[in-house]
Amino acid sequence: MSASNIPLNGDALLLAVTDAMVALHQRYHHRAPVTAKTLLLGSDLIACVLGGVYTDVEKTMIELQRGTIVQETRSAFQIAMQAKFIAAVEHLTGRDVLAFISNHSVGPDMEVELFMLTPNRT
């Protein structure tokens with residue numbers, strides 16, 4: 001295994017997961033979130049919190065009281081894309097993802113990506 005393929009840990013892992021989630025958001029929503037932060041909760045739960053995620057079209061729909069449509073579309077998209085999110089975290093951690101949970105809020109404008117990892121074999 002080359003040095004670039006060694007699973008990350010600590011702050012390097014958290015930064016890499018944040019960068020991966022921002023990159024996926026940028027690629028598929030054509031804009032980066034305004035804020036992004038990743039936390040490791042215990043040793044098996046990674047939480048990435050993204051703020052300012054909505055596009056101008058989504059913001060307009062929310063202002064026009066069509067937030068339900070925005071939520072349904074975002075949820076369907078996250079389900080369709082979950083394999084890409086999971087693959088990024090598995091690559092960075094060297095561990096399997098047991099469960100992926102993605103949710104978002106219309107007010108405040110936030111999205112949360114949770115990754116429950118297999119137990120660490122150390």
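For the pair L98/L117, no side-chain contact is recorded, criterion being any heavy-atom separation below 4.5 Å from C-beta on. Looking only at side-chain heavy atoms (C-beta outward), H104 and Y54 come within less than 4.5 Å of each other. You'll find the side chain of V89 reaches within 4.5 Å of the side chain of I46, heavy atoms only. With contacts defined as side-chain heavy-atom distances shorter than 4.5 Å, the pair F77/S75 does not qualify.
In the hydrophobic clustering of ILVMFWY residues, with side-chain heavy atoms under 4.5 Å counting as a link, L24 and L14 come out together. Two different hydrophobic clusters hold F115 and L15 under the rule that ILVMFWY side chains link at heavy-atom gaps under 4.5 Å. The hydrophobic cluster containing V112 does not contain L13, counting ILVMFWY residues as joined when their side-chain heavy atoms lie under 4.5 angstrom apart, directly or transitively. The hydrophobic clustering, which links ILVMFWY residues whose side-chain heavy atoms are closer than 4.5 Å, places I69 and V106 together. The hydrophobic cluster containing F100 does not contain L114, counting ILVMFWY residues as joined when their side-chain heavy atoms lie under 4.5 angstrom apart, directly or transitively.
To the nearest 0.5 Å, atoms CZ (R27) and NE2 (H29) are separated by 12.0 Å. Taking CD of Q26 as the reference point, atom CE of M21 lies at 14.5 Å (rounded to 0.5 Å). Taking NE2 of H30 as the start and CG of D56 as the end, the distance is 13.5 Å to the nearest 0.5 Å. The distance from the CE atom of M110 to the OG atom of S105 is 7.5 Å, given to the nearest 0.5 Å. Between M61 atom CE and T68 atom OG1 the span is 10.0 Å, to the nearest 0.5 Å. In this structure, Y28 OH and M81 CE are separated by 4.0 Å, a value rounded to the nearest 0.5 Å.
Judged as a side-chain contact (heavy atoms from CB on, under 4.5 Å), and not counting sequence neighbours, the contacts of E90 are I86, D96, V97. The side-chain contact (heavy atoms from CB on, under 4.5 Å) check on V53 picks up H25, P33, L50, R74, D109, E111, with sequence neighbours excluded.
Around NZ of K84, the count of heavy atoms belonging to other residues, nucleotides or ligands within 6.0 Å does not exceed 12.
Residues R31 and G52 approach most closely at NH1-O, 2.7 Å, considering heavy atoms. For the pair A32 and V22, the tightest heavy-atom approach, listed with the atom from each and the gap, is CB-CG1, 4.1 Å.
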What side-chain donor-acceptor pairs closer than 3.5 Å can you find for residues 34-45, not counting sequence neighbours?
| unit_1 | atom_1 | unit_2 | atom_2 | d |
| --- | --- | --- | --- | --- |
| T35 | OG1 | G51 | N | 3.2 |
| T38 | OG1 | T18 | N | 3.4 |
| T38 | OG1 | T18 | OG1 | 2.6 |
| D44 | OD1 | R95 | NH2 | 2.5 |

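In this structure a side-chain-to-backbone donor-acceptor pair under 3.5 Å is present from E58 to T55.
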